2 protein chains.
Amino acid sequence: MKNISKEDYLRIIFKHKNSDGEIKPNLIAEKLSVSNAAVTDMIKKLSHEGYTNYQKYKGISLTNSGETYARNMVRRHRIWEIFLNQVVGIPWDKVHDEANRLEHSSSDELINRLDELVGFPRYDPHGDPIPSKEGKMPKQKKYIALSKLKEGDSSVVVRVNDFDEKFLSYIAGIGIKLNETIKLLEKRDFDKSMLITIKGKQWNISEKLAENVFVEVKK
Amino acid sequence: MKNISKEDYLRIIFKHKNSDGEIKPNLIAEKLSVSNAAVTDMIKKLSHEGYTNYQKYKGISLTNSGETYARNMVRRHRIWEIFLNQVVGIPWDKVHDEANRLEHSSSDELINRLDELVGFPRYDPHGDPIPSKEGKMPKQKKYIALSKLKEGDSSVVVRVNDFDEKFLSYIAGIGIKLNETIKLLEKRDFDKSMLITIKGKQWNISEKLAENVFVEVKK
DNA sequence: TAAAAAATTTAAGTAAGCTTAAATTTAAAT
DNA sequence: ATTTAAATTTAAGCTTACTTAAATTTTTTA
């Protein structure tokens, strides 16, 4: 049996809420791999404890207190990621799962110390912003999905989605990483697959892949 | 509500079993701060899963499989301690509780990598031996409790008990640490308290304290 | 806009890891 | 060798975080 904790729910809500600050139970269930019923249950508890706003059949949102807690979980997660990558030397595509466990098992003092050790970075190894100790979010650079590039465009990788380690391993394998240059050679209309160049090598990538890599277009 | 896990039980059994490899439920309950009933319950489960040997009202012991698992938990715990101390810079008297949580949340690969980073040390910051990846236990140096010293003896600290952070903070405060020299000036018969010298300073310590610090007598 | 599909909630039930209280067994003390 | 005390086990019950199945509500589609 799984044992996803309240902290996981809060972090996932924070990460996937829409521009109105709301999220549907369905999405939480999917992200945490639990049933919808489990989500309903947990959201009731979180609301009771003042971390979420909830009305039956309506969207879920974080209260101020929930937002603060969740942001801190995001901080813990991303600081572990960058620490594991930079100090411990774990490849950037392998840090997510480890961080997922460690984030629940460390004191704020430890997190702050790790933050200091890596020099208070503003982004984690996937390009996601790291909230400061005071809860301030660094501005995310402007980016578009790789799938939105036009033929002939050159771009620089700014962020990648970290939802799946298999995906990360694959893109790491073809040389995609932060700050790497990607050029779009061809795009096929029938399946939206693309031919790209990375470090002089050409690769065919699917639309799905391209939707999860984010770039800044070079002028 | 607490949630001590099977891994905690195994580590505690390993650490506190007597020379016959046995431990009483009572001691486990005390070390984990749970009721005796909880221990009975858990030992039944562990025995069912093949980690412990158990017969009602008799001592508890680890099976081979339990021993291996437990030794690995000890390894995880002690490697986290030494890593937190040496790389992260947390004082040696403050690493125990943090390690207590982290030990359950890290993969063996991570632990092995941390081990490598700190140079495969053989002892943790309290002087306890760290099992190798292959499960080999470094020999513990010969030592006696500080309380067993004779007046006039000079000694070097080899190990301290890490059962209580308050205790560790206190002894750290008076300058006790691994490899530090301690000289016994006086011992009072009526309460077994002692007057000692550390780095030229004199301190009065209780018998209880002296029983939890272990030293090698200097010739 | 009515029917079908999807999402959400409720209900009932499970497993883990505890608790206290009572019953039983073992160990200690007279 | 009894009696008393301590340790251990059993019993009953609690909370957390799940599950599946059924009921309800919302959304989509024809």
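If you're wondering where the values come from, they're calculated on a predicted model, not measured in any experiment. Just so it is clear: chains get the letters A, B, ... in the order the sequence lines come, proteins before strands, and each one is counted from 1. Computed over heavy atoms, backbone and side chain alike; hydrogens, waters and symmetry mates excluded.
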Exercise. Report the C-alpha separation of B:Glu98 and B:Glu81 in whole Å, then their side-chain angles, then the decisive distance to 0.1 Å, and conclude whether the side-chain contact (heavy atoms from CB on, under 4.5 Å) test is met.
Key: CA-CA 8 Å; B:Glu98 204 84 54; B:Glu81 287 194 337; over 6 Å; no

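Spacing between atom CD of B:Glu49 and atom C1' of C:dA15 amounts to 12 Å, rounded to whole angstrom units. Taking atom CD on B:Gln55 and atom P on D:dT9, their separation rounds to 11 Å, with Å as the unit. The CD1-C1' distance, from A:Ile28 to C:dT9, rounds to 14 Å in whole Å. Rounded to a whole Å, the CG atom of B:Leu27 is 17 Å from the C1' atom of C:dA27. Atom CD of B:Glu7 and atom C1' of C:dG17 are 15 Å apart (whole Å). In this structure, the CD atom of A:Glu22 is 15 Å from the C1' atom of C:dA7, given to the nearest Å. One can place CD1 of B:Ile43 at 11 Å from P of D:dT8, the figure rounded to the nearest angstrom. The NZ atom of A:Lys45 sits 16 Å away from the P atom of D:dC14 (whole-angstrom rounding).
Between A:Asp41 and B:Ile60, it is B:Ile60 whose nearest contact on DNA chain D lies nearer the 5' terminus. Remark on DNA chain D: of its neighbouring residues A:Lys58 and A:Ala37, the 5'-side contact belongs to A:Ala37, judged by nearest-heavy-atom nucleotide.
Proximity of a side-chain donor or acceptor of A:Arg75 to a complementary backbone N or O of A:Pro131 within less than 3.5 Å is detected.
Within 4.0 Å (heavy atoms only), A:Lys24 reaches sugar-phosphate atoms of the nucleic acid but no base atom.
Dashed line: the shortest gap from a side-chain N or O of B:Asn26 to OP1 or OP2 of D:dA7 is under 4.0 Å. An OP1 or OP2 oxygen of C:dT26 is reached within less than 4.0 angstrom by no side-chain nitrogen or oxygen of B:Lys56. Phosphate proximity of D:dT19 to A:Ser35: present, with a side-chain N or O under 4.0 Å from OP1 or OP2. In terms of phosphate contacts, B:Tyr57 brings no side-chain nitrogen or oxygen within less than 4.0 Å of OP1 or OP2 of C:dA23. Between D:dT8 and B:Tyr54, no contact under 4.0 Å exists linking OP1 or OP2 to a side-chain N or O. The phosphate of C:dT10 (OP1 or OP2) has a side-chain N or O of A:Lys44 nearer than 4.0 angstrom.
Between A:Thr52 and A:Ser47, the side chains place a donor N or O and an acceptor N or O closer than 3.5 Å (distance only, hydrogens not considered).
At a threshold of 4.0 Å, the pair B:Asp108-B:Lys133 does not count as salt-bridged, since none of the basic side-chain nitrogens sits closer than that to a carboxylate oxygen.
Ring planes of B:His96 and B:His77: perpendicular class, angle over 60° (limits at 30 and 60°).
Of the candidates C:dT9, D:dT8, C:dG17, the closest approach to any side-chain atom of A:Asn36 belongs to C:dT9.
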